[in-house]
Protein chains: 2
Amino acid sequence: MRNKFNAIYQDLADKINHHNYPVDSYLPSETQLSELYGTSRETIRKALSELLTNGFIQKIRGKGSIVLNLQRFNFPVSGITSFKELNNSLHMNSTTEVLCLEDQHVPLEKFDYQSSSPLLATYVERLRKTNNEPIVLDHDYILKSVVPEISHKVAADSLYDYFENQLGLTISYATKKITVESPTKEEAQLLELNEHQDVVIVRSQTYLEDTTLFQFTESVHRPDKFSFVDFARRQKIN
Amino acid sequence: MRNKFNAIYQDLADKINHHNYPVDSYLPSETQLSELYGTSRETIRKALSELLTNGFIQKIRGKGSIVLNLQRFNFPVSGITSFKELNNSLHMNSTTEVLCLEDQHVPLEKFDYQSSSPLLATYVERLRKTNNEPIVLDHDYILKSVVPEISHKVAADSLYDYFENQLGLTISYATKKITVESPTKEEAQLLELNEHQDVVIVRSQTYLEDTTLFQFTESVHRPDKFSFVDFARRQKIN
DNA sequence: TCATACATCCTGTATATACATGTTGTCAAA
DNA sequence: TTTGACAACATGTATATACAGGATGTATGA
C-alpha cells in the first residue's frame with residue numbers, strides 16, 4: 001500500500017473485482033492510465049505486470065490489456081492466506097476450535113526436512129468448521145526460536161494477525177505439498193469421515209522475509225470439501 | 001529466449017539448478033551482474049524479479065539476493081507443462097497410450113462453463129504410465145474452431161509440441177481446479193484401483209495469447225501417485 | 001474494386017538517472 | 001568497552017527517453 005504501483009495495482013484489482021472494468025473489456029491504455037493516476041508509464045507497467053501474473057488481465061501487444069474472467073472463489077491453497085482472512089473476505093460462517101496447545105518437537109520426517117538438531121516448537125491443533133461442518137484439521141508447529149510464546153486466545157483468533165501485527169514479523173513465502181493419504185483414527189473421527197475414506201493433506205513450510213524458517217503446517221482436509229483453484233501461465237522447460 | 005532479460009533469467013536459473021550458485025549463498029549484486037552481462041541494472045532487475053516470483057531467490061534489501069532451496073521435483077500441476085516435456089526433463093521412463101480419438105461435444109457442466117452454444121471438439125483419451133504403472137488418465141477436448149484435425153500420431157506423441165511448433169499457436173495461460181471424487185468404473189479399472197478408492201481430478205481450461213479458449217482437460221490421477229508441489233508468496237487480502 | 005502503403009494507435013524492450021532506504025563495517029569519541 | 005556517527009554498498013522506487021514491433025483504420029494508386 002505504501003508504494004505507488006502497489007496502490008495502483010490494488011485500485012485496478014478492486015475495480016476489476018467490482019466490475020468497474022467488465023470482463024472481456026479493455027483497460028485504458030498505459031499512457032491513458034499514466035495520465036489518470038498522474039504518474040509515469042513505467043509505474044503503470046509495474047502495476048499491470050502484477051495484474052498479469054495474478055491472472056487479472058491478459059496483455060495483447062498492439063491492442064491493450066483485456067480483463068479476464070477469473071473465478072477465484074474457492075479455498076486458495078495457492079496463496080499464503082490465513083483462515084480468518086478468508087473467512088472475513090468470503091463472509092463465511094466459520095469457527096475455530098483449539099484442540100491442543102503445547103510444546104513439541106517438529107516431526108521432521110513428515111515434512112521431508114533435514115536438520116542436524118531437533119526443532120522445538122509450539123504445537124497448535126485446531127479444527128475449522130463452517131456451518132457446523134468440520135472442514136479442516138490444522139496441525140501447526142511454530143518454532144520457539146522465532147516465537148517463544150503463544151497464548152490460547154491468539155490460537156483461537158488468528159496466528160497470522162498476531163505474528164504480523166503484534167510481533168512485527170513479515171511473512172514472505174512458503175512451500176506447499178499436497179498429497180492424498182489415509183487419515184489417523186483421530187483425524188477420521190474429528191472430520192466425521194467414513195472408514196476407508198482418504199483425506200487431502202497440505203504440508204507447508206513458511207518463511208520470513210530474511211529466509212528464516214519459522215512454521216510447519218499440516219492441514220488435513222475432508223476430501224469432499226477440498227477444492228483448489230489455480231491460475232498458471234505457460235512456461236517452457238529446457 | 002529472444003529477450004535479453006529472459007536470456008539472463010534462463011542463465012541464472014540454470015546456474016542455480018546446477019549449483020553454480022549454491023543454496024544459501026548470495027548472487028552477485030545487481031551492479032556486478034549488470035557489468036557481468038554487459039547490460040543495464042534495470043534489465044538485471046527484470047531477470048531477478050522473475051527469479052523471485054518463481055521461487056529461485058529471495059531479495060533482501062540492503063544485503064542482496066539469496067539463493068533458495070526449492071525442491072520442485074514433483075509433478076508440477078502448478079505450471080502448464082506437457083507430459084512429454086516433464087518426461088524428458090525428469091528422465092523418467094514413461095509411455096502414453098491413446099485409448100480414444102474422436103469428435104465430441106465438450107461436457108460443459110463438468111467444467112462449470114457457461115456457453116450459449118455447444119462446443120465441438122476433438123476428444124482424446126490417453127493413459128499415462130511410468131515404469132508400467134498407470135499414473136494419470138487424461139481426457140482432452142481440443143476445440144475444432146481452433147484445431148480442426150488431430151492425427152493419432154500426434155496424440156500419441158505430444159499435443160503441445162504439435163500446437164506450438166507445427167501450428168504456431170501460442171499457449172498462454174490456464175485455470176485449474178483440483179478436487180477429489182469417486183472414479184467411474186472405467187477409470188477405476190484403467191488406473192487399477194481398489195473399490196471405494198477416490199481419485200484426484202484436475203480440470204483445466206487452456207487459453208491462447210489472444211485469450212481464445214481452445215482446450216478443456218480432465219486429468220484423473222491415482223491418489224497414491226498424486227503429489228502437487230507449490231511455491232507461494234504472501235499476499236494480503238482486503 | 002482491391003491491394004498497397006502509411007499514419008497512428010498500442011505494448012515490448014532497453015537504457016540512464018536520481019533519490020530513498022536498509023545493512024554492514026569502520027573508526028573515533030565517550 | 002561501548003556507543004554513535006558515518007561511509008560504502010546493497011536493493012527499492014520513480015521518472016524520462018528512445019526505439020522496436022504488432023494492430024488497425026485510412027488514403028492512395030493500380
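No experiment lies behind these values; they were computed from the predicted model shown. Heavy atoms only: backbone and side chains are in, while hydrogens, waters and symmetry mates are out. By convention in this document, chain letters (A, B, ...) are assigned in the order of the sequence lines, proteins followed by strands, and residues within each chain are numbered from 1.
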From CG of B:Leu51 across to P of D:dT11 the rounded distance in Å is 13 Å
Is the shortest side-chain N/O distance from A:Lys4 to OP1 or OP2 of D:dT15 below 4.0 Å? yes
Can you tell which of C:dT11, D:dG12, C:dA16 lies closest to the side chain of B:Glu42? C:dA16
Taking the side chain of A:Ser29 as its heavy atoms from C-beta onward, which of D:dT15, C:dC10, D:dT11 lies nearest to it? C:dC10
Check whether any side-chain nitrogen or oxygen of A:Thr43 sits under 4.0 Å from OP1 or OP2 of D:dT15, and answer yes or no. yes
So what does A:Leu48 touch, heavy atoms closer than 4.0 Å: a base, only the sugar-phosphate, or nothing? nothing
Contact under 4.0 Å: A:Arg45 side-chain N or O vs C:dG12 OP1/OP2: yes
Can you tell me which nucleotide in C:dT24, D:dA14, C:dT15 comes closest to the side chain of B:Thr39? C:dT15
How long is the line joining CZ of A:Arg61 and P of C:dT11, in whole Å? 11 Å
Using a cut-off of strictly less than 4.0 Å, decide whether A:Thr31 has a side-chain nitrogen or oxygen near OP1 or OP2 of C:dC9. no
If I take atom NZ in residue B:Lys59 and atom C1' in nucleotide D:dA10, what distance separates them, rounded to the nearest angstrom? 10 Å
Here the distance between atom P of C:dA18 and atom CD of B:Glu30, to the nearest Å, is 18 Å
Separation of D:dG21 C1' from A:Ile60 CD1 (nearest whole Å): 15 Å
Calculate the interatomic distance between A:Glu50 atom CD and D:dG12 atom P; express it in whole Å. 13 Å
Tell me the interatomic distance from B:Tyr37, atom OH, to C:dA14, atom P, rounded to whole angstroms. 14 Å
Without swapping roles, check the side chain of B:Gln215 against the backbone of B:Asp140 for a donor-acceptor pair under 3.5 Å. no
Among C:dG12, C:dT13, D:dT15, which nucleotide has an atom closest to any side-chain atom of B:Phe5? C:dT13
Within the 3.5 Å criterion, strictly below it, is a donor on A:Thr31 or A:Ser34 matched to an acceptor on the partner's side chain? no
Report the distance from atom CG of B:Leu52 to atom C1' of D:dT13, rounded to the nearest whole Å. 15 Å
Testing D:dT13, C:dT13, D:dT15 for proximity to the side chain of A:Asn3, the answer is D:dT13
If you assign B:Lys46 and B:Tyr26 each to the DNA chain C nucleotide with the nearest heavy atom, which residue ends up on the more 5' nucleotide? B:Lys46
Taking the nucleotide of DNA chain D with the nearest heavy atom to each, does A:Arg41 or A:Gly62 sit closer to the 5' end? A:Arg41
Please check if any side-chain donor atom of A:Thr170 sits under 3.5 Å from a side-chain acceptor atom of A:Glu164, or the reverse. no
Whether A:Phe228 and B:Phe228 hold their rings parallel, tilted or perpendicular, with breakpoints at 30° and 60°: tilted
For the backbone of B:Asp161 and the side chain of B:Ser158, can you confirm whether one donor and one acceptor N or O come within less than 3.5 Å of each other? yes
A:Lys63 side chain: which of C:dC10, C:dT13, D:dT24 is closest? D:dT24
Any salt bridge between B:Glu30 and B:Lys59, counting N to O under 4.0 Å? yes
